[in-house]
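Treat the numbers as computed from the prediction; the structure is a model and nothing was measured.
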Amino acid sequence: MTTPRIAFLKGHGTENDFVIVPDPEGRLDLSAAAVARICDRRAGVGGDGLLRVVRAAAHPEARAQAGEAEWFMDYRNGDGSVAEMCGNGVRVFVRYLLHAGLVEAGDVAIATRAGVRRVHLAKSGDVTVSMGRAELPEEGVTVTVDGRSWPARNVNMGNPHAVAFVEDLAHAGHLREAPPFAPAPVYPDGVNIEFVVDRGLCHVAMRVHERGSGETRSCGTGACAVAVAAARRDGADPAVTGLPVTYTVDVLGGSLSITELPDGTVEMTGPAVIVAEGTFDPDWLTTALA
């Protein structure tokens, strides 16, 4: 039986890039191996991850959210593993919905494995995502690279992060493999690790090793975790002061603006771009899905 032609698009948010696969009725069975093949930069389309666009009512993990959000972001890391949330991915996901005429500019609700996320599409092109509240578990870890060690703040943005403040971003090393951390039981399912330096008042820069993807040019949830960790380090807690706090977070692919509100909600604003679209070759896809 011949595999039908299946459409895909490529997009990125601050150069964190994704393969977008429209599958409104949830008919595609994308195994971890198939996703990894599609995201392979030499043998596939290439991307840090894959965004499958599915109606919430058509996906078993999202049906309970269908009353709040029509669309579910089925996000997979570049190695095919399932992830709870991706901040840059949400912006690109909503940019695709606008591109496809499935939503209009303004406010949009998106179902994710970390809950419903509220998104605002501005006329300027920037996308603001209400990322929910950060959780700050007491137990942190120590991260080690090339003999240097740093304490890392535990921040959960719907997915786990360890934020380490360092003297120089080069101290993070090559980041092709996940940096060792201890004690391991703090993150039983692995963790995204951010290395952070100061650039100025409420202005930091970061590099990140994303769980399941390696070093990426940007990480939206990571930027949020970094901003929250930096604010606490700097003695700024909007829940205490009653005032919002905004940090500019530079990533390798650009900059993101992160604001934490007095109610604890974290908002992320940044660009999202669709760069290409096409169809998978049926014969290649048949092999990838096998």
Side-chain angles (χ1 to χ4, degrees), residues 12-16 85-92 94 114 117-122 124-137 140-141 143 150-172 175 191-210 215-272:
H12 76 90
T14 49
E15 298 183 8
N16 192 192
M85 179 58 185
C86 178
N88 288 319
V90 171
R91 298 202 318 278
V92 173
V94 173
R117 294 292 182 259
R118 309 287 172 182
V119 182
H120 180 75
L121 282 152
S124 66
D126 276 349
V127 183
T128 298
V129 183
S130 181
M131 299 288 287
R133 294 174 174 83
E135 295 180 7
L136 298 165
V141 297
V143 177
W150 305 271
R153 183 77 187 248
N154 190 340
V155 184
N156 194 293
M157 288 301 309
N159 57 356
H161 295 268
V163 180
F165 292 92
V166 300
E167 300 81 20
D168 189 322
L169 289 180
H171 291 169
L175 290 182
V191 63
N192 306 288
I193 300 178
E194 288 80 27
F195 296 87
V196 187
V197 297
D198 288 300
R199 290 286 189 245
L201 181 65
C202 294
H203 186 180
V204 296
M206 61 175 265
R207 288 177 62 197
V208 58
H209 181 280
E210 286 199 60
E215 182 171 21
T216 58
R217 301 282 295 173
S218 179
C219 176
T221 55
C224 293
V226 163
V228 171
R232 298 303 181 275
R233 181 204 59 175
D234 297 341
D237 184 346
V240 174
T241 65
L243 299 172
V245 59
T246 298
Y247 277 75
T248 297
V249 181
D250 295 340
V251 294
L252 296 179
S255 293
L256 295 166
S257 178
I258 311 297
T259 298
E260 187 178 9
L261 303 175
D263 68 358
T265 301
V266 178
E267 294 184 340
M268 172 190 61
T269 299

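- When all heavy atoms of Ala134 and Val266 are compared, the pair lying nearest together is N-CG2, 4.3 Å.
- Between Pro244 and Leu261 the shortest heavy-atom distance is CB-CD2, 4.0 Å.
- Donor-acceptor pairing under 3.5 Å is lacking for the side chains of Ser124 and Asp126.
- Of the charged side-chain nitrogens involved, none lies within less than 4.0 Å of a carboxylate oxygen, so that Glu194 and Arg153 do not count as a salt-bridged pair.
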Checklist entry - Checking side-chain contact (heavy atoms from CB on, under 4.5 Å) for the pair Met206/Val249: CA distance, chi angles, key distance, verdict? => result CA-CA 7 Å; Met206 61 175 265; Val249 181; 3.6 Å; yes
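- In plain terms, the two heavy atoms of Val197 and Val166 that are nearest each other are CG1-O, 3.4 Å.
- Relative ring orientation between Phe195 and Trp150 is described as perpendicular, the plane-to-plane angle rising above 60° on a 0-90° scale split at 30° and 60°.
- The two atoms that bring Thr14 and Ser255 nearest to each other are CG2-O, 3.8 Å, heavy atoms only.
- No option in Val191, Ile193, Asn16, Thr221 other than Asn16 meets the side-chain contact (heavy atoms from CB on, under 4.5 Å) test with Glu210.
- Between the Asp168 side chain and the Ala170 main chain, a donor and an acceptor come within less than 3.5 Å of each other.
- Of the charged side-chain nitrogens involved, none lies within less than 4.0 Å of a carboxylate oxygen, so that Arg207 and Asp250 do not count as a salt-bridged pair.
- A donor atom on one side chain and an acceptor atom on the other are not found under 3.5 Å apart for Ser130 and Glu267.
- Taking CZ of Arg117 as the reference point, atom CE of Met268 lies at 10.0 Å (rounded to 0.5 Å).
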